[in-house]
Protein chains: 2
Amino acid sequence: MQDKLRQHIEKIVPLTDDEFAFVLSHFTSKKAKKRDWLIQEGKRVKHVFFVVSGLLKLVYRDELGKEFIVSFAMEDWWECDYLAYYTKTSATLSLQCLEDTEVYCLALEDYHKLCAGLQKIEHFFLEKSHRGHIGSQQRIISFLTLNAKERYEHLLKRYPALFQRVSKTLLASYLGVSRETLSRLHSPK
Amino acid sequence: MQDKLRQHIEKIVPLTDDEFAFVLSHFTSKKAKKRDWLIQEGKRVKHVFFVVSGLLKLVYRDELGKEFIVSFAMEDWWECDYLAYYTKTSATLSLQCLEDTEVYCLALEDYHKLCAGLQKIEHFFLEKSHRGHIGSQQRIISFLTLNAKERYEHLLKRYPALFQRVSKTLLASYLGVSRETLSRLHSPK
DNA sequence: CCGGGGTTGTGATCTACATCACAGATACAT
DNA sequence: ATGTATCTGTGATGTAGATCACAACCCCGG
């Protein structure tokens with residue numbers, strides 16, 4: 001299980017055994033069951049999570065209680081309500097397990113200590129953050145330029161594995177269409 | 001003009017005179033006129049830009065030639081086609097001046113040298129990247145949860161200054177609605 | 001000072017998608 | 001096993017917003 005994290009980091013920065021031990025000492029690990037919450041709207045966000053196994057949804061809930069999926073987090077993903085985490089405010093998003101899930105948890109002060117103690121890891125996080133930013137930008141472009149069907153096909157091509165693991169209802173919510181419309185996209189008229 | 005950049009960085013990390021001189025030595029500066037391009041689709045992206053003064057649009061153009069505004073960049077903003085920049089591939093986005101503009105330019109290898117030579121600045125970039133990522137995530141949420149009118153009002157509240165500086169046509173493109181619809185939002189029905 | 005390109009409003013029409021409503025299927029808990 | 005909730009498809013209908021079309025405007029360059 002540690003190997004997952006190490007391999008993940010080493011895709012970007014190589015680490016000695018000692019360095020990885022140092023990194024690992026800043027994390028705690030946690031197992032959660034389907035339907036458990038790792039972040040709850042309104043509460044403080046203590047950790048950023050690295051997903052070792054399982055699947056989660058990051059959701060925003062509007063005033064009417066309607067739920068929107070901001071992102072899915074699968075193996076090897078980092079997930080958090082970053083705004084709440086970095087600014088130490090209460091969560092506006094929630095993070096819930098869609099399957100039994102295993103994560104590493106990193107508290108904000110441990111994150112700072114880790115970066116201060118090992119420059120490489122700050123570089124790693126910078127790299128990760130860039131990629132996350134680029135990914136979000138592309139999702140924005142897909143909202144600007146594509147219709148429901150195109151967004152659906154785009155997602156299907158990019159993450160075929162998702163379709164085995166999450167309900168159409170959730171996919172629809174991620175794509176920003178109603179589940180009825182998504183359902184009709186398969187067999188177009 | 002240097003002061004702009006220094007003050008901007010020092011909002012996040014304090015610098016000595018020597019450190020700032022070191023930072024500045026990695027940048028070049030450039031003036032561009034309204035309608036000039038800093039990044040052109042299909043070409044290589046040599047620099048990331050820090051906007052000292054002026055205003056730019058970052059645009060995506062679809063197969064039909066229709067233009068979509070990914071973001072505006074005003075004073076104190078960093079802008080780039082980050083994907084193309086970091087991966088040294090050719091641009092899928094374009095960056096064009098909407099006003100006469102003054103920027104600092106940072107080439108990728110200078111960026112790496114700068115980070116390697118001064119840890120503080122890597123920390124600064126990491127912080128900036130986080131904020132950018134958070135901002136994009138909120139824009140995604142606005143696409144998922146708000147209709148055209150709500151997105152418009154949201155933008156109006158957040159960046160009132162923009163409305164004095166850019167045409168409704170461009171705003172509509174940023175918001176993902178047609179300019180006719182945007183126009184009708186003022187005087188509802 | 002005149003002409004043309006970009007900007008804005010507004011009407012008429014069209015369409016993608018939402019919403020509501022129902023029914024069969026599947027999974028989950030007691 | 002048996003009921004209950006959650007998922008999925010599909011019809012009927014409503015609506016936000018796109019598209020097309022035109023007229024008035026402003027601003028800049030020659």
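Letters A, B, ... mirror the listed sequences (proteins, then strands); counts begin at 1.
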query: Any side-chain heavy atom of A:Gln138 within less than 4.5 Å of one from A:His154?
result: no
message: Any non-hydrogen side-chain atom of A:Phe143 less than 4.5 Å from a side-chain atom of A:Arg151?
response: yes
- prompt: At what distance, to the nearest 0.5 angstrom, does OH of A:Tyr159 lie from CZ of A:Phe72?
  reply: 11.5 Å
- request: Going 5' to 3' through nucleotides 18-30 of chain D, assign each nucleotide B (protein heavy atom under 4.0 Å from a base atom), S (under 4.0 Å only from sugar-phosphate atoms) or - (no protein heavy atom that close).
  value: BBB----------
- prompt: Between C:dA29 atom P and A:Lys33 atom NZ, what is the distance in whole Å?
  reply: 11 Å
- prompt: A:Asn147 or A:Arg35: which one's nearest nucleotide on DNA chain C is closer to the 5' end?
  reply: A:Asn147
- prompt: Are the aromatic rings of B:His8 and B:Phe124 close, with centres under 6.0 Å apart?
  reply: yes
query: Can you list, by residue number, the residues of residues 159-169 of chain A that have a non-hydrogen atom closer than 4.0 angstrom to DNA chain D?
result: A:Ser167, A:Lys168, A:Thr169
query: Separation of A:Leu171 atom CG from D:dC7 atom P, in whole Å?
result: 12 Å
query: Between B:Lys4 and B:Glu102, does at least one N-O distance fall below 4.0 Å, as a salt bridge requires?
result: no
message: Can a side-chain donor-acceptor contact be found between A:Ser136 and B:Ser136 if the only test is distance below 3.5 angstrom?
response: no
query: So, do A:Leu95 and A:Glu79 sit near enough that their side-chain heavy atoms are less than 4.5 Å apart?
result: yes
statement: Whole-Å distance, A:Leu185 CG to D:dT8 P, equals 14 Å
- prompt: Does the distance from a Lys or Arg side-chain N to an Asp or Glu carboxylate O, for A:Asp36 and A:Lys30, drop under 4.0 Å?
  reply: no
